[in-house]
J.: 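Can you read through this structure? Questions will come right after.
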Amino acid sequence: MLIKLDVGGYLTKNNDVTENQPLTEENTEDIETRTLELGGLAGTFGTADHKNLGRLYILFGLTGGFLSLVLHFLVRLERVNIAGTTILDFGSNNQYFQTWSLSRTSLLFFCVIPLILGLATYLVPLQIGAPSIAFPRAAAAAFWAWLVGILIHVVTVFSDGGLGVPEPLTEFAQGMDPEATELSILSIAMVAIAVLLSSITLIATIVTQRPQGMTLFELPLFSWSILVATGVWVLTMPVWLGNLMVSWVDFRGSDALRYGNVENIWDQLSWLWSQPMIFAFAIPVLGIAGEIIPVAARQAQRQYVVQQIGIGALGVLSFGAFAQPFFNAEVSDQAVFVGMGLLVILPVLIFLGGLGDTLVKGKPKFSAHLVLALISMIGLLIGTTLSALHVSGPAIGAIQEIDSDWLSGLIDWLKDLQGTVVATAVMEHALIASLIASIAGLYFWSPKIFGKRMNSNVGVLAGLSLLGGLFLSGGSNLINGFLDEGDAVYLSTANVDVWSQDAVEFLNVIGLIGSILLIGGISLVLLDLTVSVFLGKGSNDDVDNPWNGHTLEWATQSPPPTGNFAEPPVITSERPLLEVGGGNE
């Protein structure tokens, strides 16, 4: 028997959110008579319960995902005929740039990050057998700071603010308001601080609240991936915040020197959406797939430590604070950058191989979360492959000891990919793969989170729509990169000769269709969540452990009670429920 429950209390006082107090004879009667939970608006706005915070993150993250994909559609619509008459009356290049940049900031900060934080905030304490998240008031403050900050940012961008202008202008940017721009910078900084605070609470929870017997090598793969991902965020996001603050200070001066010039602001921030840093926000893809696929295969994950090493290696190879072209224009040709771009595919391949081995040895059962998890892994694998392709020119050039004409031509051809929309294709695959993985986690853990199962058929259809959208949008950017379409698509004069090609325009139409499929996929998820959970149409049969899960979150009722567990678990395996027979049925 590899899991046992110690004798002793584990119930905590929910309205004392600063520390966990064990049940004793002196306070038993007090706990039984006090109101542990508040409902309505007071319960929502005053909550420090990690489960409520997780649900809020998820709901707003899906809403933000819909918004960001609509903005992606608008940008794609403009790109269809950007060299001629504008399809959308943005009024100026700057308004088009605002839409383009907001589609990126919202996809990352209003969709992917809150979905990851939502699943993590809800599940990490459950997976490690903890009664609550560490520093619950800080976790609550982080959520509300994130929500207020991202809403202010969206409003200010639509109010002629934003993070810069596309090109130098003699006067202040046309259609751009300096006060709104200043507030845009401060609000996105507020969002980044909130992400850091939430990350710290998750790291503290994993490090300090693991139960007896659970070392880091026994952490569930999802919790391990969150530890690695948030660790990278904590190391790199302060650098990005420094970029923001330097820009803001200079911008407020009477005469901006360099960093606060509106045409330079975005260039200082764009490294967050570029390789290798963009893969730091896709690390949980491995953790979510690593939880879902072994359970679906009804088989313990093989080579568990190797899988953990793969996640850790992806974290190391996604550290991108040094890769800032604004300060080092030659960084894309440097050995460290090129090496990381080439090697980032290896941990994904290793991890995918381990999942494939587990599937082959098991007896997979078809489900929406299994399909979505596999799709997310495919998307991430393609993204890391594109990353290797993107840096292959300098990589081959570094070994150009063979001075042959054909090799020189190949190097020049591959080097031409740098600065093209291939970089956008890398970003799309990393972030959309993370979005799909989060949706896979939502379908897998919805019985635990909401007490209702979501519709599997709708989930599969949403996954196929998202896969098709990613394939068309990312694939069109890849081919257009070979046709020399530059990544600065917000400049009307940047690609005049390229945009005049019929092939490029046709591929941008294909990308537009892809964006429609992406919107359709997330719309199906929102519809299913509304019908299955909020309208109560989803099945509530056997919601405590409907998939015969392997980890501790499935050892408590759904949704979990206050304190999560009646008694603290003691484990000696990374798959305690499977070891005692729960996953073999």
Side-chain angles (χ1 to χ4, degrees), residues 54-70 72-73 107 111-112 114-116 118-119 122-123 222 284-285 288-289 291-293 295-297 364-380 431-473 513-549 554 558-559:
R55 293 187 192 103
L56 289 170
Y57 267 125
I58 291 169
L59 295 177
F60 281 104
L62 288 173
T63 303
F66 180 82
L67 169 66
S68 63
L69 292 177
V70 168
H72 181 272
F73 166 79
L107 183 59
C111 176
V112 170
L115 285 175
I116 292 171
L119 290 173
Y122 194 103
L123 293 165
F222 175 67
V285 172
I288 293 171
E291 296 287 353
I292 291 173
I293 291 176
V295 172
K365 185 177 180 181
F366 178 83
S367 63
H369 47 265
L370 174 60
V371 173
L372 287 161
L374 291 173
I375 289 174
S376 68
M377 286 298 302
I378 292 171
L380 182 57
L431 293 185
I432 299 299
S434 192
L435 169 61
I436 296 172
S438 299
I439 293 172
L442 181 61
Y443 274 83
F444 182 61
W445 282 299
S446 64
K448 187 60 56 182
I449 297 173
F450 300 109
K452 296 282 186 180
R453 299 193 202 186
M454 296 175 68
N455 189 292
S456 182
N457 293 330
V458 176
V460 171
L461 184 60
L464 294 176
S465 181
L466 289 167
L467 176 63
L470 178 59
F471 178 77
L472 294 180
S473 183
I513 297 172
S515 68
I516 295 173
L517 290 175
L518 290 173
I519 293 174
I522 199 167
S523 297
L524 286 172
V525 176
L526 285 168
L527 178 63
D528 190 13
L529 186 66
T530 301
V531 173
S532 298
V533 174
F534 299 118
L535 298 182
K537 303 298 183 181
S539 172
N540 57 1
D541 295 336
D542 191 26
V543 290
D544 288 349
N545 191 4
W547 324 120
N548 292 318
W554 301 109
S558 300

J.: Surrounding CZ of Phe66 (heavy atoms of other residues, nucleotides or ligands, distance under 6.0 Å), is the total greater than 12?
T.: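 No, because the 6.0 Å sphere around CZ of Phe66 holds 12 heavy atoms or fewer from other groups.
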J.: Angle between ring planes, Trp547 versus Phe444, binned at 30° and 60°: parallel, tilted or perpendicular?
T.: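 Parallel.
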J.: What verdict does the side chain to side chain contact (heavy atoms under 4.5 Å, CB included) test give for Leu370 and Lys365, after you've listed the backbone C-alpha separation in whole Å, the side-chain angles of each residue and the deciding distance to 0.1 Å?
T.: CA-CA 8 Å; Leu370 174 60; Lys365 185 177 180 181; over 6 Å; no
J.: Give the C-alpha distance, both sets of side-chain angles, the deciding distance and a yes or no for side chain to side chain contact (heavy atoms under 4.5 Å, CB included) between Ile375 and Leu466.
T.: CA-CA 9 Å; Ile375 289 174; Leu466 289 167; 5.9 Å; no
J.: Quick check: closest heavy atoms across Leu119 and Leu442, and the distance to 0.1 Å?
T.: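 Nearest pair, atom of Leu119 first, then Leu442: CD2-N, 4.4 Å.
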J.: Are side-chain heavy atoms of Leu527 and Val458 found at a separation under 4.5 Å?
T.: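 No, side chains not in contact.
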J.: State the CG-CG distance between Leu461 and Leu524, to the nearest 0.5 angstrom.
T.: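 It comes to 5.0 Å.
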J.: What heavy-atom pair brings Ser446 and Arg453 nearest, and what distance separates the two atoms?
T.: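 Smallest heavy-atom distance, with atoms named: OG-CA, 3.9 Å.
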J.: How many angstroms lie between atom CD1 of Ile519 and atom CG of Leu526, to the nearest 0.5 angstrom?
T.: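 If we round to the nearest 0.5 Å, Ile519:CD1 and Leu526:CG are 12.0 Å apart.
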J.: Taking C-beta and beyond as the side chain, do Phe60 and Pro114 meet within less than 4.5 Å on heavy atoms?
T.: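 SC-SC contact between Phe60 and Pro114 ruled out.
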J.: As an exercise, state the distance from CG of Leu435 to CG of Leu107, rounded to the nearest 0.5 Å.
T.: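 These two atoms lie 7.0 Å from each other.
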J.: Give the minimum heavy-atom separation between Val525 and Met454, together with the two atoms involved.
T.: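 Closest approach of Val525 to Met454: O-CE, 4.1 Å.
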J.: Is there a side-chain contact between Ser376 and Ile288, using heavy atoms and a 4.5 Å cut-off?
T.: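 Counting from C-beta outward, Ser376 and Ile288 never come under 4.5 Å.
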J.: Taking all heavy atoms of Ala433 and all of Gly379, pick out the closest pair and write down the distance.
T.: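 The answer is CB-C, 4.0 Å.
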J.: Taking atom types as modelled, is there a side-chain donor on Ser532 or Lys537 under 3.5 Å from an acceptor on the other?
T.: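 Distance-only check fails for Ser532 and Lys537.
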J.: For the CZ atom of Phe73 and the CD1 atom of Ile516, what is their distance to the nearest 0.5 Å?
T.: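 Reported to 0.5 Å precision, the distance equals 5.0 Å.
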J.: Before you tell me yes or no, could you show the steps for Leu59 and Leu529 under side chain to side chain contact (heavy atoms under 4.5 Å, CB included), namely the whole-Å CA-CA distance, both residues' side-chain angles and the distance that decides it to 0.1 Å?
T.: CA-CA 9 Å; Leu59 295 177; Leu529 186 66; 3.5 Å; yes
J.: Please report the shortest heavy-atom distance between Lys448 and Asp544, naming the atom on each side.
T.: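 Looking at all heavy atoms of both residues, the shortest contact is NZ-O, 3.1 Å.
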J.: Do the side chains of Glu291 and Trp445 get nearer than 4.5 Å, heavy atoms only?
T.: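 Contact flag for Trp445/Glu291 side chains = yes.
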J.: Verify, without hydrogens or angle tests, whether Ser434 (side chain) and Val112 (backbone) share a donor-acceptor contact under 3.5 angstrom.
T.: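 A pair under 3.5 Å: no.
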J.: Yes or no on side chain to side chain contact (heavy atoms under 4.5 Å, CB included) for Val460 and Asn457, after CA distance, side-chain angles and deciding distance?
T.: CA-CA 5 Å; Val460 171; Asn457 293 330; 5.7 Å; no
J.: For Cys111 and Gly65, which heavy atoms make the closest approach, and how far apart are they?
T.: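 So the two residues come closest at SG-CA, 3.3 Å.
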J.: Measure the spacing between CG of Leu56 and OH of Tyr122 and express it to the nearest 0.5 Å.
T.: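 The distance works out to 12.0 Å.
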J.: Could you tell me whether the side chain of Ser473 and the main chain of Gly469 form a donor-acceptor pair under 3.5 Å?
T.: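 Side chain of Ser473 to backbone of Gly469: no pair is present.
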J.: Keeping the roles fixed (side chain from Ser465, backbone from Leu517), state whether a donor-acceptor pair exists under 3.5 Å.
T.: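 Yes, Ser465 side chain to Leu517 backbone: donor-acceptor pair under 3.5 Å.
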J.: Quick one, Pro559 and Arg55 - any side-chain contact, counting heavy atoms below 4.5 Å?
T.: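 Of all side-chain heavy-atom pairs linking Arg55 with Pro559, at least one is under 4.5 Å.
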J.: Pick one: which of Leu67, Leu69, Val70 meets side chain to side chain contact (heavy atoms under 4.5 Å, CB included) with Ile522?
T.: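 Testing Ile522 for a side chain to side chain contact (heavy atoms under 4.5 Å, CB included) against Leu67, Leu69, Val70 leaves exactly one candidate, Leu69.
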J.: Any chance you could measure Ile292, atom CD1, to Leu372, atom CG, to the nearest 0.5 Å?
T.: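 It is 7.5 Å, given to the nearest 0.5 Å.
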J.: Do Trp554 and Pro546 come close enough that some side-chain heavy atom pair is under 4.5 Å?
T.: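 When only atoms from C-beta onward are counted, Pro546 and Trp554 do touch, with a gap below 4.5 Å.
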J.: Can you find a heavy atom in the side chain of Ile439 that is under 4.5 Å from one in the side chain of Ile436?
T.: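 No. Closest side-chain heavy atoms not under 4.5 Å.
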J.: Do the side-chain N and O atoms of Asp528 and Tyr443 include a donor-acceptor pair separated by under 3.5 angstrom?
T.: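 Yes, Tyr443 and Asp528 have a side-chain donor paired with an acceptor closer than 3.5 Å.
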